[in-house]
2 protein chains.
Amino acid sequence: MNKIIKTEPKTLSGFMELLPEEQLLFNKLKDTIKRVYEDSGFFPLDTPIIELSDVLLAKAGGDTEKQIYRFNKGDNDLSLRFDLTVPLAKYVAKNYYDLTFPFKRYQIGKVYRGERPQRGRYREFYQADIDIIGDGKLSLINDAFLPSVIYNIFSELNIGKFTIKINNRKILSGFFESLDLEDNITNILRIIDKLDKIGVNEVKKELSKMNIDDVKIDKIINFINIKGNNIDIIDQLKNLKVINSKFKLGVEELNIVNNYLKQFNLNEEYIQIDLKIVRGLDYYTGTVYETFLDDYSNIGSICSGGRYDNLAKNYIDKELPGVGISIGITRLYDQLKRIGLLKKEDISISDVLIISLLDDLSYSIEVMNKLKELGIKAQLYMEDNKIKNKIKYATNLNIKYVIFVGDEEYKEKTLTLKDLVSGNQVTDKIEIIVNKLKNI
Amino acid sequence: MNKIIKTEPKTLSGFMELLPEEQLLFNKLKDTIKRVYEDSGFFPLDTPIIELSDVLLAKAGGDTEKQIYRFNKGDNDLSLRFDLTVPLAKYVAKNYYDLTFPFKRYQIGKVYRGERPQRGRYREFYQADIDIIGDGKLSLINDAFLPSVIYNIFSELNIGKFTIKINNRKILSGFFESLDLEDNITNILRIIDKLDKIGVNEVKKELSKMNIDDVKIDKIINFINIKGNNIDIIDQLKNLKVINSKFKLGVEELNIVNNYLKQFNLNEEYIQIDLKIVRGLDYYTGTVYETFLDDYSNIGSICSGGRYDNLAKNYIDKELPGVGISIGITRLYDQLKRIGLLKKEDISISDVLIISLLDDLSYSIEVMNKLKELGIKAQLYMEDNKIKNKIKYATNLNIKYVIFVGDEEYKEKTLTLKDLVSGNQVTDKIEIIVNKLKNI
């Protein structure tokens, strides 16, 4: 055979590529999200990864634009999508007359950002978005429905106590408008955000440096110090007597959303109004969400979103208000894996490995067919190999049980089931073995 | 509000982007393939869509290279994958020491080819591959196992009678070697392929033009005229008395695979040895497969693959024989849709739409929670709208049933279920309604 010059089989940095057992774990995460989204009545959507740059960058700018994977092919200036929201906007505008509103869709897909790779940052990563788009208007009940979907996902994933924090952008904007500080919101919020780290005095000092007078600083500190359960917070907001219609509307919206929230099947301890939750300032216009794991708040928000006034204004002359939430699955997987909340030992591609002790595999194949018919995920080891190596294959793949098929079993029409963890072994009729496996 | 200049919301030609109801149908196809692959013990794999051009094009050339989406980002020369086999080869070489062999993996993902777009041809399309890779060797039973997986998929999809055609490349190569015609196989096969269209005399004429003598032409015609059931064909091949070791080995392999095939739970009428099946000549080295819908053979093979000697020779100095099969889902969906074997009316995102006749949605939300708990995919119409429009939402989404929640239902703790197809309507306790829905 000719000697071939080998190419090094490299994968690009910033691109996640998992070993099989890890991929299985990743897919369980992804598939749980998908199932809950579908069970909640969201249509799947699958838009191209490549779009015309003109279309994709209709609105983008600054940092986003620098990170884009952009290139020419033939006469076309093309880009890889950097999120799933812009393609959604394009899609809704393009298909406006064929869609039924409210349009509820989910999309789980890869997006691309050419960031400098670092731990937990990926250049190719999955986002899992849901959005509900109204035609002209959209009821606030949707703002309560979305957190209930997210609640179901994270409850099922069994990753410990989490808190969905909720706020309304109108409250923030209105409050700062009432102080004539609306132009400085971004900077003020950046300072406030450091409250837990640097303490109230340092925050006051930094606000002073922005030429904000002491009366206003006190009002800001009072505002961000509002605490309690959700109803308390709403009451205190009302008691602030802020003279601003936007503020009042925001408090009213938050109140309505909070009331609806209780009706969806969720534990109220998992939902918390937090007046410091902001999200990207220029996009969201009402309810905003962020989600934190209580025991691992340092990993940041694992799921965020909010309400926006007009999804597709760059493409179509229609008012399309919506509310959406996004989970960054690739980063979430990475974090959950690292803190030990996802374990590859907990999952396997098959329930049982069939190991033939006979050279002729016919009966083993028959057994596999039967087991699969009865709902057992059975796999047959088909290579000529030592028993020891066949068992090693099962342990490598985290398969917890093996079934031996030997002369005895063939004659008696039985199977021998071995629990690889306990070492226990039992020989019995196939139906009884199946029942044992099903009860585990 | 400012008038914004609108960008036309275009999608690139050659990129499939479906309406919601169609996407649901597409996903059903994709999810069925995924589930059967997983139930058969194949690990999921998810490699990046972008790879270093050096890695991806280690072997490629000619037509493939021209179709590649290739571009620079920073210092990197990058390409989008054009199939899932090259990434698999890279992956196995890269992770050779971490993998357990035989390595059984499936991958369902998008690939990119910048072909001239035409009906049924896509630039972005899904492939759904399974492969089994051995370390040094791989039993022939795998060559029989793969068609059984494919059989399960197409049986479940309920798309009518299909035939998995099977052959062995060694038979072809050995036969033409025995005639000293091995260098002309490609051209000869191209002529033979026209047999059904142009008839045996024209085929003979064209073979003559290639300076093949009449004795050999007769042998070729005899060879390709071999017909009958699978056992007949193998017997006739043996009776040909071809003096060539490769030919003999091929017949022996085909015989073994055919015998194993019968043991996997499949209908033998769906498997047919066909000596004219070839597949890409330079890649496959043993068993080859193509799959046709009996009533729609004109759409060509819907699933193909075969056995290869060495998966990753461009990346690693290990013998890695394998066998694999690929389904081009995007094209398959397109074809099945066009010939009417997939109907969007047959599928819906929800089992039932809850329509509240009350302004207060609390009880309706409670009903939705309850229905979901009991395993019904229930969706609540949450907007303020006329009943007529709420029902229209259900019919637009192919939701077959609606549940009305009015004053009466609230007081009596009942529900009114309406079948939108028959128009029948019944009011009863929630558990009875759920049972009705589950029995449908």
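Proteins come first, then strands; the chains are lettered A, B, ... in the order of their sequence lines, and each starts at number 1.
Listed options B:L18, B:I132, B:N76, B:I376 were ranked by heavy-atom pairs under 4.5 angstrom with chain A; first place goes to B:L18. Put simply, of A:N389, A:N142, A:I399, A:D351, the one with the most heavy-atom pairs under 4.5 Å next to chain B is A:N142. Between chain B and the options A:K377, A:K262, A:E21, A:E124, the largest number of non-hydrogen pairs under 4.5 Å is found for A:E124. Note on B:F101, B:Y260, B:Y112: by heavy-atom pairs under 4.5 Å with chain A, the leading option is B:Y112. No other option in A:L45, A:D46, A:D98, A:L138 has as many heavy-atom pairs under 4.5 Å with chain B as A:D46. Across B:E366, B:K372, B:R105, the residue that shares the most heavy-atom pairs under 4.5 angstrom with chain A is B:K372. Between chain A and the options B:Y91, B:F26, B:F145, the largest number of non-hydrogen pairs under 4.5 Å is found for B:Y91. Note: A:E38 leads A:K392, A:K370, A:E38 in heavy-atom pairs under 4.5 Å with chain B. Your options are B:L397, B:D54, B:N95, and the one with the most heavy-atom pairs under 4.5 Å with chain A is B:L397. Among A:E17, A:K10, A:K137, the residue with the largest count of heavy-atom pairs under 4.5 Å with chain B is A:E17. Annotation: maximal heavy-atom pairing with chain A below 4.5 Å, among B:S350, B:A89, B:P20, occurs at B:P20. Taking A:P48, A:G41, A:S40, A:S139 one by one and counting their heavy-atom pairs under 4.5 Å with chain B, the maximum is reached by A:P48.
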- [ ] Show your working on side-chain hydrogen bond (donor to acceptor under 3.5 Å, both in side chains) between A:Q107 and A:T47 and close with a plain yes or no.
- [x] CA-CA 8 Å; A:Q107 181 163 12; A:T47 63; 3.1 Å; yes
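The shortest side-chain heavy-atom distance between A:Y333 and A:E22 falls under the 4.5 Å cut-off. A:Y37 is not listed as a side-chain neighbour of A:P44, based on a closest heavy-atom distance of 4.5 Å or more. Between A:F264 and B:M368, some side-chain heavy-atom pair lies under the 4.5 Å cut-off. Here the side chains of B:F71 and B:D77 are not in contact, with every heavy-atom distance at 4.5 Å or above.
Other residues, nucleotides and ligands contribute only 12 or fewer heavy atoms inside 6.0 Å of the NZ atom of A:K28. Atom CG of A:D384 is surrounded by 12 or fewer heavy atoms from other residues, nucleotides or ligands within 6.0 Å.
Using a 4.5 Å cut-off between heavy atoms, A:N259 does not touch chain B at all. Of the two parts of B:F42, only the backbone, made up of N, CA, C and O, holds a non-hydrogen atom closer than 4.5 Å to a non-hydrogen atom of chain A. Only the side chain of B:D31 comes within contact range of chain A, judged by heavy atoms closer than 4.5 Å. Looking at B:N27, the atoms closer than 4.5 Å to chain A (heavy atoms on both sides) all sit in the side chain, from C-beta outward. Proximity to chain A (any heavy atom under 4.5 Å) is restricted, for B:Q379, to the side chain, taken from C-beta onward. Interface remark: A:I50 contributes backbone and side-chain atoms alike to the contact with chain B (heavy atom separation under 4.5 Å).
Aromatic ring orientation, B:Y69 versus B:F15: perpendicular (interplanar angle above 60°, classes split at 30° and 60°).
Each of A:I68, A:V86, A:I49 was checked for a side chain to side chain contact (heavy atoms under 4.5 Å, CB included) with A:R81, and the lone residue meeting it is A:I49.
Residue A:R70 comes nearest to A:S79 through the heavy atom pair CG-OG, 3.5 Å, listed as atom of the first residue, atom of the second, then distance. Smallest separation of non-hydrogen atoms from A:Y122 and A:T330: CD1-CG2, 3.7 Å.
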